[in-house]
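Whatever order the structure lists them in is the order used to number ligands and atoms, beginning at 1.
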Amino acid sequence: MLLQNKVAVVTGGTRGIGLAIVEKFLENGASVILFGSRKETVDKALSSLNEKNPAWQVSGMFPDLNKPDEIARAFSEIKQKYGALDILVNNAGISQRESLYTYKPEDFEKIMNLNVLSILYASQAAARIMKEQGGGVILNTSSMVSIYGQPSGVGYPASKSAVNGITKSLARELGRDHIRVNAVAPGVTETDMVKALPDAVIQPLIATIPLGRVGKPEDVANAFLFLASDMASYVSGEVLSVDGAARS
Ligand code: NAD
């Protein structure tokens, strides 16, 4: 049990990679508060987790991640209820594929608002609590496209490159407060979106991955578990690729 007695928040924790992180943390003894965008999806995730193991300490909230006040209020409620906040995982994210020639500035803004600004807001609120309690861990979900780009949809890789910059900078700024900051950069991962792709799309993709398969949400969650735990107590400012060596 690598996270016994730890209190963790996971944004975008209702499905896909976020839900796998929530489950991994619960299996390792943490109390987890998952954040989602709507009450219905939060309730659905909570009932599936309760069904798997009624003893797991899991609850949910749905603050608007574009509103710093709502986020700060949510974290202060968590501090009051649980007495601490040890781990924040900034995982919520959206992507979009669109050619540069037709790209709408408002879509770029929407992606940056969720994928980047929400990390700033949540990290601010969490770091205040962590500093006061003597330390903590902030983890961000990046993407391999932050390093290698992608052939359409310029906003998404731009947002994930910003995530890497935030990760490295906050690691340097918050180290003195005993707060470690790291990111995980997944390659193509088998969430609902990828599962829906036809064979004609997925097979050529797999052919580019040296380990011969797409990632599973659990592969990514294992990296988060390591970085959240004391096993990574001297690791900060790192962007850990989990992509089967598919670096292009
Ligand atoms: P997903 O679409 O299955 O899950 C996204 C999560 O973000 C959901 O829980 C959703 O509720 C939440 N979310 C979306 N919009 C939101 C909003 N406006 N406010 C609050 N929450 C919102 O996607 P996923 O594949 O599990 O992605 C999770 C993270 O992993 C994202 O940051 C994504 O960019 C990153 N990622 C995914 C892949 C992949 O191949 N699946 C690869 C690299 C990085």
Side-chain angles (χ1 to χ4, degrees), residues 9-24 32-46 48-49 58 60-68 70-71 74 88-97 106-107 109-122 138-150 153 155-164 166-167 183-197 201-202 205-206 208-209 213-224 239-244 246-248:
V9 166
V10 180
T11 74
T14 57
R15 59 172 197 254
I17 289 171
L19 184 59
I21 297 168
V22 169
E23 206 171 317
K24 189 63 65 181
V32 181
I33 304 96
L34 65 84
F35 282 12
S37 49
R38 287 182 298 124
K39 182 175 188 313
E40 298 74 43
T41 51
V42 166
D43 286 348
K44 189 175 162 211
L46 290 178
S48 81
L49 291 163
V58 60
M61 299 176 96
F62 42 95
D64 184 336
L65 294 183
N66 289 317
K67 295 199 175 134
E70 273 194 36
I71 296 177
L88 164 65
V89 180
N90 290 304
N91 169 74
I94 45 170
S95 72
Q96 193 205 14
R97 296 254 173 180
E106 55 268 33
D107 288 341
E109 221 173 282
K110 194 172 159 199
I111 287 188
M112 296 305 266
N113 281 343
L114 182 67
N115 295 10
V116 181
L117 273 173
S118 80
I119 294 187
L120 176 76
Y121 304 147
I138 297 175
L139 302 175
N140 301 319
T141 307
S142 179
S143 165
M144 76 175 183
V145 303
S146 67
I147 304 159
Y148 302 99
Q150 64 184 17
Y156 181 68
S159 74
K160 294 300 186 180
S161 299
V163 170
N164 297 353
I166 289 174
T167 300
V184 174
V188 181
T189 308
E190 203 178 41
T191 54
D192 291 349
M193 190 179 67
V194 173
K195 274 188 211 156
L197 293 174
V201 175
I202 204 76
L205 197 66
I206 290 173
T208 66
I209 303 172
R213 64 172 176 85
V214 297
K216 298 191 177 83
E218 198 188 356
D219 296 320
V220 180
N222 281 331
F224 275 99
V239 179
L240 175 58
S241 293
V242 180
D243 63 2
R247 309 284 153 80
S248 64

*Asks:* N164 and S146: side-chain donor and acceptor closer than 3.5 Å?
*Replies:* yes
*Asks:* Can you list everything that forms a salt bridge (Lys or Arg N to Asp or Glu O under 4.0 Å) with E218? Sequence neighbours excluded, please.
*Replies:* K24
*Asks:* Suppose we screen for salt bridge (Lys or Arg N to Asp or Glu O under 4.0 Å). Which residues come up paired with D107, at least two apart in sequence or across chains?
*Replies:*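 Not a single residue meets the salt bridge (Lys or Arg N to Asp or Glu O under 4.0 Å) criterion with D107.
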*Asks:* Is a side-chain donor or acceptor of S95 paired with a backbone partner of Y156 at a separation under 3.5 angstrom?
*Replies:*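 Pair absent, no side-chain N/O of S95 close to backbone of Y156.
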*Asks:* Would you check if the side chain of S161 reaches a backbone N or O of P157 as a donor-acceptor pair within less than 3.5 Å?
*Replies:*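 Side chain of S161 to backbone of P157: a pair is present.
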*Asks:* Name all pairs fulfilling the side-chain hydrogen bond (donor to acceptor under 3.5 Å, both in side chains) condition that reach into residues 110-121, sequence neighbours left out, sorted by first residue then second.
*Replies:* N115-S159
*Asks:* Considering only heavy atoms, which protein residues lie less than 4.0 Å from any atom of ligand 1?
*Replies:* G12, G13, T14, R15, G16, I17, S37, L65, N91, A92, G93, I94, L114, T141, S142, S143, Y156, K160, P186, G187, V188, T189, T191
